[in-house]
Amino acid sequence: MKLVTRMGAVVLVLFTIGAFISPVRSLDNGLALKPTMGWLHWERFMCNVDCYTDPNNCISENLYMQMADVMVTEGWKEAGYEYVCIDDCWPSHQRDAKGRLQADPKRFPRGIKKLADYVHSKGLKLGIYADLGTLTCGGFPGSLGYYDIDAQTFADWGVDLLKFDGCYMKWTLLGEGYTNMSIALNQTGRSILYSCEWPLYEWSYHQPDYAAIRKACNHWRNYADVYDSWDSVKTILDWTADHQDVIVPAAGPGGWNDPDMLVIGNFGLSHAQQESQMALWAIMAAPLLMSNDLRDICPRSKQLLQNTRIIAISQDPLGRQGYRTAKVDSFEVWERPLSGGRLALAVMNKQEMGGPRGFPLTLATLPSWKICHPQCNVTQVLPSYNELGVQTLLSKLVVVVNPSGTALLTVTPI
Ligand code: GLA
C-alpha cells in the first residue's frame, strides 16, 4: 500500500504494519529464536593465510582462540555475543583419505575438534564455513557431492553453526543444494545453526522463494558482501528497504534476513555511521555478527556494540523485523514493532553536508506516532541515552541527528 502525505516534502509510507504479522514456518531445529550474535572473521581478516609474515592476523586456530578469550574477558559474551565463526580459507586444499574436509595442518595444527572444545570451554559456540558448489568462493574444496560427509564431519567436530556459501554452483541447483544440506545437518542429530546465502545467488535470476528458504535456513544473506565503508552500509540499507515487501514477512523467530556483518570498530565508518549501522541492524532484526579485531578496538565502538538497550531491541522477543516507513527531507525513518505494543524508531540523517539537523516527531512525519494517543513514553537510546518523558499527539518533540548518523528511540504507549 502506498500513502502520500506532506510535511514540507513528501513522506512515503511504504506499507502497513499488518502485512508483517504471521511469518511462514521456520526451520524446525529450535535455533536462532532471536537474531544470532557473535563474531565472524571475513570482513576484517579475509583470506589471510600468511602466518609466516602476519602470524597475528592470519586465518589460524590462534585467531579464534584469542577472539574467544577476549569475548569472555572483555564483556562480549556477557552482552550476548556467543558464536565465534570461521569463514572461508580454513581448510586444506585436499580432503583426507576418507573424503573428509580437514583444516590446513600448518594453521590449525590441533584441528577443528580441539578448537571447538576450546571455544566450548569458554561457554561460547563455534561456527564454520563451507560452500555448496565445487569450490568455496576463495578456491578451497567445495561440498558438492559431500553434503552428508561434511555435515557429519562438522557434527563430529562439535561445530555449532555452518555458514554455507553458494559459489561455483549452477544457480538452478541452489534450492536443491541448500535444502539437502539442511536435511544433512538435521540428520546428524547435532544442533547446528544453518546460515545460508541462497537468496543472494538467486536474485540475479529471479525472485527467491522465501517460504522455502525459511523452511531450510536459520538466516540467509540477500545481498552483496559488506565492506568497511559507509557506501557499503548505505547500499545494503537501500537494497533492504527497496525489497522489504518481499523479505520482511519472511523474518521471525527461527529465521532471519542477514544484511551481513557489523563492521563497527574498524577503519571505514565515522562514529555516527557506526551508530547508524548498529541502530539499523537492530531495527532489521539482523544477526549481529561483528567482523572486527576484538583484541584492539576503540572504547567508543566497544561501548556501542555492547549497548544493552540496542541489543534489547535487536533481541526483542516479538521477533518482527522492522522496515523503512518514510523518506523525508533527506531523513529516513525506520520502525520496528516490539513486544508489549512498543515501537523502536530510527531516524537517519542522510544529508552528508552541514551539521546536526532536527527532525520533528509528529503524525505528519510519522504515521505510527498515533501510538502516542492518548499518551506515550519516549526514550532516546542513540546517540545518547535520554528519557524524553511522556508525550502526546500534540507534543512538539524534535530529535537532532548528526550527518549520516541515526537517532534511535523507543516509544511505549501508555
Ligand atoms: C562470499 C561471501 C562472503 C565470504 C566470502 C568468502 O563472498 O558472501 O561473506 O564468506 O565469500 O570467500
Side-chain angles (χ1 to χ4, degrees), residues 35-50 57-60 63-64 67 83-93 101 103-104 107-108 112 126-144 150 154 159-171 174 177-178 181 192-205 208 213 216-229 231-233 235-237 239-240 243 247 256-264 266 268 277 281 284 286-293:
T36 307
M37 292 177 68
W39 179 92
L40 175 61
H41 95 237
W42 185 253
E43 196 288 325
R44 177 64 187 256
F45 295 94
M46 300 174 69
C47 196
N48 180 354
V49 292
D50 182 3
N57 300 302
C58 67
I59 305 312
S60 74
L63 184 67
Y64 308 97
M67 281 323 147
Y83 289 83
V84 181
C85 301
I86 306 172
D87 206 286
D88 203 349
C89 307
W90 63 271
S92 153
H93 280 285
L101 286 170
D104 181 284
R107 295 182 283 119
F108 295 83
I112 304 292
L126 183 72
I128 206 162
Y129 166 101
D131 187 290
L132 88 166
T134 50
L135 293 171
T136 72
C137 298
F140 290 80
S143 295
L144 190 62
D150 290 355
F154 299 145
V159 163
D160 306 291
L161 176 153
L162 173 66
K163 171 173 174 178
F164 208 38
D165 210 338
C167 274
Y168 298 103
M169 181 71 161
K170 212 172 147 194
W171 78 269
L174 288 164
Y178 273 104
M181 187 47 130
I192 301 180
L193 197 151
Y194 187 36
S195 163
C196 301
E197 301 204 30
W198 172 0
L200 182 158
Y201 290 97
E202 247 182 45
W203 268 111
S204 325
Y205 304 98
I213 293 168
C217 305
N218 291 118
H219 33 87
W220 48 84
R221 286 272 311 282
N222 292 304
Y223 185 64
D225 293 0
V226 72
Y227 296 94
D228 189 12
S229 80
D231 246 11
S232 165
V233 171
T235 318
I236 291 172
L237 289 171
W239 188 93
T240 304
H243 296 81
I247 66 169
W256 311 97
N257 288 294
D258 177 6
D260 212 2
M261 295 157 272
L262 293 168
V263 292
I264 296 166
N266 291 318
Q277 195 188 24
W281 261 236
M284 291 188 292
L288 301 180
L289 291 168
M290 308 175 281
S291 195
N292 48 17
D293 190 346

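Read the numbers this way: they start at 1 and go in the same order the structure lists the ligands and their atoms. On a predicted model such as this, the values are computed, not experimentally measured, just so you know.
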Heavy atom under 4.0 Å from ligand 1: found in Thr136's side chain, backbone, both, or neither?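 None of Thr136 does.
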Test applied, side-chain contact (heavy atoms from CB on, under 4.5 Å); reference residue, Tyr223; option that passes from Asn257, Thr235, Leu200: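 Going through Asn257, Thr235, Leu200 one by one, the side-chain contact (heavy atoms from CB on, under 4.5 Å) with Tyr223 is satisfied by Thr235 alone.
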Backbone or side chain, does any N or O of [X] fall under 3.5 Å from an N or O of ligand 1?
{"X": "Tyr201", "answer": "no"}
{"X": "Trp42", "answer": "no"}
{"X": "Lys163", "answer": "yes"}

By the definition side chain to side chain donor-acceptor pair (under 3.5 Å), identify the one residue from Asp228, Asn266, Asn292 that meets it with Arg44.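 Only one option passes, and that is Asn266.
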Is the ring pair Phe140/His93 parallel, tilted or perpendicular, if the boundaries are 30 and 60 degrees? parallel
Does any part of the side chain of Val159, heavy atoms only, come nearer than 4.5 Å to the side chain of Ile112, both counted from C-beta?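 A side-chain contact under 4.5 Å exists here.
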Would you please determine whether Arg221 falls within less than 4.0 Å of ligand 1 on a heavy-atom basis?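 For ligand 1, residue contact (heavy atoms, under 4.0 Å) with Arg221 is present.
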Locate the shortest heavy-atom distance separating Asp225 from Ser232; write the atom from each residue and the value.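 Looking at all heavy atoms of both residues, the closest pair is O-OG, 4.1 Å.
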If you look at every heavy atom in Leu174 and Glu202, which pair is closest and at what distance? CD1-CG, 3.7 Å
Please list, in number order, the atoms of ligand 1 under 4.0 Å from a heavy atom of [X].
{"X": "Gly138", "result": "12 (O)"}
{"X": "Asp87", "result": "4 (C), 6 (C), 10 (O)"}
{"X": "Asp88", "result": "6 (C), 12 (O)"}
{"X": "Glu197", "result": "2 (C), 8 (O), 9 (O)"}

What protein heavy atom sits nearest atom 7 (O) of ligand 1, and how far away is it?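 Minimum-distance protein heavy atom for atom 7 (O) of ligand 1 reads Asp225 OD2, 2.7 Å.
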Out of Asp260, Asp165, Leu135, the nearest non-hydrogen contact to atom 11 (O) of ligand 1 is supplied by Asp165
Measure from the ring center of Trp171 to the ring center of Trp198 and say whether it is less than 6.0 Å.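 Here the rings of Trp198 and Trp171 have centres that are no less than 6.0 Å from each other.
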